[in-house]
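Report on the structure given below.
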Amino acid sequence: MRKLIYTLSFAFITATTFAQEKTPNPRPLTLDEYKKAKTYTIADLDKDTYVKFENTYVLDRYESRKPYFITGSDGLKKRIDLYKLVAKEAMQEIGTMIFYTSETGKKYQALVPDFTADGKVWEQYFQDIDDINKVEKNFILKLSYVLSKELSFQQYKVLNNGKDMKEESATYGNDICFPGEELVTMSNGSKKMLKDVKSGDEVITIDPQTRKPSATRVKELTVHAAKNYALTQLVLVSAQEKNTAIGTSVNLRAKVLQATPNHPMMTKNGREKMADVALGQQVLCLNEQTGKYEAFTVLQKNERAGGVQNVYNIVAEKGSTLLMNGVMVMQK
């Protein structure tokens, strides 16, 4: 997740900067500026859209956006506001301030540095969001959702540094498997790590047409020895947005799954290889709150080489699907 937020943050700032035609070469945010800027507060997030500090810096509401209100699976509503941090001299954008307000009104803030910032500044940013994430569960996930929304069309290209990993991933083996730490839904509703599943265990399979679950017995857990597998990771979200007079209200559910690129999964358009599932496409997942199988949207897709662990696959007695991390995947 940390790598994901790094990529999103960098891409977000890059895209934002290139959108500013009058500031083609912004100077980097220094570590001292970073530390000082974190002390800058906004008294009224609903009204204060442009605030000066020391007559040197400005917090300017990002694109005049209203706040995001995100409700996670715990039913708690959080608020995220974005502000550009601008150095008045030459009016250069040097970062993006994030104000995060919990359901109790407790406020946290982090500063996404300008993309030219020194590595020490980025490390401090990572530490800050990690610290917030320890006390505010899924803070990084919610932040990545907001940054992804703002990143839009540059997202996929920047994630892979302009490299077409889809073509490269096709060069890595043909085994159809998972890394092994995925949680498999068992017939009694419990979860079991894939690599711990044994022959004779009963797991859930779902009829893709009726979406009704039934139990099936595991015939075999196939294990392929470690080699340089390609892995495709999908971040899937179900986000119900509602624009209100005060902001954007989001009811957010999220799931993360990775597998070899050739593993088939059930999308809203039918069976597809994981590597062929595109951003914005819909994948069937279990909504644990409603107990129904619903379409989640692909928010992030990361394809990489370097899988060095054993990979695993279940061969079941019947059925065509299984649930991994709550995501409906096809049997081999």
Side-chain angles (χ1 to χ4, degrees), residues 1-16 28-42 45 59 62 67-74 76-85 94-151 155 158-159 161 179 181-183 231 233-237 239 250 252-258 299-302 304 306 325:
M1 187 58 76
R2 179 172 167 143
K3 184 177 180 181
L4 172 64
I5 198 66
Y6 168 81
T7 306
L8 283 172
S9 301
F10 186 85
F12 171 69
I13 290 297
T14 303
T16 302
L29 174 72
T30 68
L31 187 57
D32 286 342
E33 285 179 318
Y34 177 92
K35 294 177 179 177
K36 181 187 293 184
K38 285 202 308 171
T39 66
Y40 298 159
T41 59
I42 300 292
L45 290 168
L59 282 177
Y62 173 79
Y68 286 87
F69 296 96
I70 300 181
T71 303
S73 56
D74 54 7
L76 301 177
K77 181 184 290 186
K78 319 289 183 177
R79 169 175 174 157
I80 295 180
D81 295 81
L82 302 180
Y83 281 74
K84 297 175 184 176
L85 176 64
I94 55 177
T96 302
M97 189 74 81
I98 301 146
F99 292 99
Y100 181 94
T101 309
S102 75
E103 70 285 352
T104 64
K106 186 173 178 57
K107 291 182 171 59
Y108 303 86
Q109 66 187 78
L111 176 58
V112 186
D114 164 61
F115 76 99
T116 63
D118 184 83
K120 292 181 180 179
V121 181
W122 279 96
E123 282 300 315
Q124 187 61 58
Y125 163 66
F126 296 149
Q127 187 61 56
D128 287 346
I129 61 175
D130 277 347
D131 289 344
I132 296 174
N133 202 60
K134 290 173 184 173
V135 293
E136 278 292 316
K137 187 178 180 182
N138 291 328
F139 163 76
I140 289 180
L141 176 63
K142 295 179 174 70
L143 178 59
S144 70
Y145 175 81
V146 171
L147 295 185
S148 296
K149 288 282 290 182
E150 302 298 342
L151 181 60
Q155 186 179 60
V158 177
L159 269 172
N161 297 319
E181 296 186 348
E182 295 70 28
L183 293 177
L231 290 174
Q233 183 192 66
L234 301 180
V235 178
L236 306 157
V237 299
V250 185
L252 182 66
R253 305 282 184 277
K255 300 181 186 298
V256 178
L257 183 71
Q258 62 177 359
L299 173 68
Q300 286 290 320
K301 180 178 178 181
N302 187 16
R304 63 181 174 84
N325 290 351

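Bear in mind the structure is a predicted one, so any value in this text is a computation, not a measurement.
The distance from atom CG of Leu82 to atom CE of Met97, rounded to the nearest 0.5 Å, is 11.5 Å. Rounding to the nearest 0.5 angstrom, the gap separating the OH atom in Tyr108 from the CG atom in Leu143 is 14.5 Å. For the atom pair Thr71 OG1 and Arg253 CZ, the distance stands at 8.0 Å (nearest 0.5 Å). Considering CG of Leu31 and OH of Tyr125, their distance stands at 15.5 Å, rounded to 0.5 Å. With rounding to the nearest 0.5 angstrom, the CG atom of Leu147 is 9.5 Å from the CD atom of Gln300. Here NZ of Lys120 is found 12.0 Å from OG1 of Thr30. Values are rounded to the nearest 0.5 Å.
Remark: Phe69 pairs with no residue by the ring-ring contact (aromatic ring centres under 6.0 Å, His included) rule, at least two apart or across chains.
Taking the six-membered ring wherever Trp is involved, the centroid distance between the rings of Phe99 and Tyr83 falls below 6.0 Å.
Below 30°, between 30° and 60°, or above 60°: for Phe126 and Trp122 the angle between ring planes is between 30° and 60°, a tilted geometry.
Contact between Pro28 and Thr116 at its shortest, heavy atoms only, is CA-OG1, 3.1 Å.
At least one donor-acceptor pair closer than 3.5 Å links the side chain of Asn133 to the backbone N or O of Ile140. Checked by atom type and distance alone, the side chain of Asn325 pairs as donor or acceptor with a backbone atom of Val256 at under 3.5 Å.
Side-chain contact check for Leu85 versus Thr96: every heavy-atom pair is 4.5 Å or farther apart. Within the 4.5 Å cutoff, no side-chain heavy atoms of Tyr68 are placed close to those of Leu252. In this structure, Ile80 and Ile70 have side chains that are in contact, with non-hydrogen atoms separated by less than 4.5 Å. A heavy-atom distance below 4.5 Å is not found between the side chains of Pro67 and Leu45.
Shown are Arg79, Lys78, Lys77; of these, the salt bridge (charged side-chain N to carboxylate O under 4.0 Å, His left out) with Glu103 is made only by Lys78. Among Asp32, Leu111, Ile94, Leu29, the single residue meeting the side chain to side chain contact (heavy atoms under 4.5 Å, CB included) criterion with Val121 is Leu29. Here the rule is side chain to side chain contact (heavy atoms under 4.5 Å, CB included) with Tyr100, and of Lys107, Lys142, Gln109 only Lys142 fits it.
Counting non-hydrogen atoms of other residues, nucleotides and ligands closer than 6.0 Å to NZ of Lys38 gives a total above 12.
For the pair Lys36 and Tyr40, the NZ or CZ position fails the cation-pi test of under 6.0 Å to the six-membered ring centre and within 45 degrees of the ring normal.
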